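Presented below is the structure to which this report refers.
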Number of protein chains: 2
Amino acid sequence: MKPVTEPRWLDERQARAWRGYRRMRALLDLQITRDLAADSGLSDADYDVLSNLSEVSPHRLRLTELAATMLWSKSRLSHHLTRMQQRGLVDREECPGDARGSMIVLTEAGLRAIEEAAPHHVESVRRNMIDLLTEEEIAALDTLSHRVVAHLSGEG
Amino acid sequence: MKPVTEPRWLDERQARAWRGYRRMRALLDLQITRDLAADSGLSDADYDVLSNLSEVSPHRLRLTELAATMLWSKSRLSHHLTRMQQRGLVDREECPGDARGSMIVLTEAGLRAIEEAAPHHVESVRRNMIDLLTEEEIAALDTLSHRVVAHLSGEG
DNA sequence: ACTCCTTTGTTGACATGTCACCAACATAGC
DNA sequence: GCTATGTTGGTGACATGTCAACAAAGGAGT
């Protein structure tokens with residue numbers, strides 16, 4: 001009276017693809033983190049924060065907005081920003097029109113950091129992933145990932 | 001005298017693919033972690049450890065071996081095993097033939113845990129990823145990921 | 001204005017991962 | 001046997017992430 005339904009195990013190719021994805025994910029992460037640290041002294045998290053801030057017009061965002069964009073919890077972001085603020089990469093400003101709010105601002109040093117880091121980072125991404133793929137594979141990855149993202153964003 | 005070479009930025013499709021991959025990675029992780037915790041009370045890390053142990057013949061591995069398979073540092077694994085050991089999922093035994101060594105053994109409870117977790121986990125993997133992809137996309141992901149893994153394993 | 005509910009960002013306690021270092025041991029070459 | 005060197009697993013200090021609780025505002029309905 002236990003087995004609800006026989007589980008639909010993955011077939012060989014699916015299993016290979018899944019394991020490959022997981023392993024690529026792990027190794028790629030390690031390598032890109034290493035490169036980033038060596039080239040720029042930034043962590044992945046630092047780079048993400050700086051990158052998102054530098055991509056908006058007056059280099060500033062509400063904490064909540066930034067957290068939503070990055071798929072981070074507000075708590076995690078707040079903690080991390082405290083550390084980045086101590087290093088002078090970002091700053092907190094009062095939010096006009098909402099006294100609770102906190103505006104996260106890219107500092108001069110932060111801007112310089114991301115501008116110096118970006119070229120190296122792109123090189124790393126190319127070297128370790130993008131340049132290893134064919135046009136078709138890039139297209140497939142594009143389509144496939146956006147479909148999965150849509151699924152995961154849409155429902156729970 | 002600054003710019004070494006003009007960085008080879010990603011073109012539009014490459015950038016879309018890269019961002020999509022990153023976002024899929026983040027969301028998929030969150031979802032699978034949530035499902036795993038809800039269905040089995042295990043973390044990703046727990047599942048990985050148990051899964052690797054259950055896949056070898058006498059359900060036991062040297063710590064170093066296990067760490068290498070999982071791409072974890074020995075330190076991380078040692079810490080995590082201490083916690084899992086306190087929960088009764090694994091055990092440490094002396095290693096015959098190498099007095100330094102530590103054999104990591106799957107306990108009865110650990111075996112039961114992974115056996116109960118596996119079907120739910122596969123369902124989650126299917127629902128959130130595999131079943132969303134076409135045959136061709138799975139094939140592409142398989143090929144592509146193994147090429148990247150080979151690159152990252154081969155050299156630094 | 002007042003109540004009720006939500007949102008915002010922060011904090012502290014705790015879980016987890018990283019790093020540098022260490023003691024115990026194995027192994028090779030002498 | 002003995003020494004030099006590398007390996008194994010563990011440890012503590014610290015960096016980072018998670019979670020629940022919180023104070024301070026905002027905002028809707030009346």
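Protein chains get the first letters and strands the later ones, always in sequence-line order, with residue 1 at the start of each. Bear in mind that the values here come from a model prediction, so they are computed numbers and not experimental data.
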- Message: Nearest heavy atom decides the nucleotide; on that basis, is Leu30(A) or Ile104(A) closer to the 5' end of DNA chain C?
- Response: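 Result of the comparison: Ile104(A).
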- Task: Let me see the working for Arg62(B) and Asp98(B) under side-chain contact (heavy atoms from CB on, under 4.5 Å), right down to the final yes or no.
- Result: CA-CA 10 Å; Arg62(B) 290 288 294 266; Asp98(B) 190 336; 3.4 Å; yes
Pairs under 3.5 Å (N/O, protein and nucleotides 25-29 of chain D):
from: dG26(D); atom 1: OP1; to: Ala99(A); atom 2: N; distance (Å): 3.3

- Query: Quick one: Glu94(B) CD to dG10(D) C1', roughly how many Å, whole number?
  - Reply: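 The answer, rounded to whole Å, is 15 Å.
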- Message: Rounding to an integer number of Å, can you tell me how far Arg76(B) CZ sits from dA20(C) C1'?
- Response: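 So the CZ-C1' distance, Arg76(B) to dA20(C), works out to 18 Å.
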- Under a 4.0 Å heavy-atom cut-off, which of residues 40-55 of chain B touch DNA chain D?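 Of all residues in residues 40-55 of chain B, none places a heavy atom under 4.0 Å from DNA chain D.
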- Item | Sub-4.0 Å heavy-atom contacts from residues 19-29 of chain A onto DNA chain D, ordered by number |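 Within this stretch, nothing sits under 4.0 Å of the strand.
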- Query: Hey, does the side chain of His80(B) come within less than 4.0 Å of dT16(C)'s phosphate (OP1/OP2), counting only N and O?
  - Reply: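 No, outside the criterion.
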- Message: Whether Arg62(A) contacts dT8(C) is assessed here as follows: a side-chain N or O lying under 4.0 Å from the phosphate OP1 or OP2. Is that the case?
- Response: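 Looking at the OP1 and OP2 atoms of dT8(C), neither is under 4.0 Å from any side-chain N or O of Arg62(A).
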- Query: Is the shortest distance from a Lys or Arg side-chain nitrogen in Glu135(A) or Arg13(B) to a carboxylate oxygen in the other one below 4.0 Å?
  - Reply: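 Result for this pair is no, no salt bridge flagged.
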- Side-chain hydrophobic cluster, 4.5 Å single linkage: members besides Val90(B):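 Joined to Val90(B), directly or through intermediates: Leu36(B), Leu42(B), Tyr47(B), Val49(B), Leu50(B), Leu53(B), Val56(B), Leu61(B), Leu63(B), Leu66(B), Met70(B), Trp72(B), Leu77(B), Leu81(B), Met84(B), Leu89(B), Ile104(B), Leu106(B), Leu111(B), Ile114(B).
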- Item | Worked check of side-chain contact (heavy atoms from CB on, under 4.5 Å) between Glu94(B) and Met103(B) | CA-CA 6 Å; Glu94(B) 288 178 7; Met103(B) 273 303 213; over 6 Å; no
- Partners passing salt bridge (charged side-chain N to carboxylate O under 4.0 Å, His left out) against Asp29(B) (at least two apart in sequence or in another chain):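 With neighbours one apart ignored, the set is Arg25(A).
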- Query: Does the side chain of Arg16(A) come under 3.5 Å of the side chain of Ser145(B) through a donor N or O and an acceptor N or O?
  - Reply: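 Note: Arg16(A) and Ser145(B) side chains miss the donor-acceptor criterion.
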Report, one pair per line, the protein and nucleotides 11-14 of chain C atoms (nitrogen or oxygen only) whose separation is under 3.5 Å.
from: dT11(C); atom 1: O4; to: Ser75(A); atom 2: OG; distance (Å): 3.1
from: dG12(C); atom 1: O6; to: His79(A); atom 2: NE2; distance (Å): 2.9

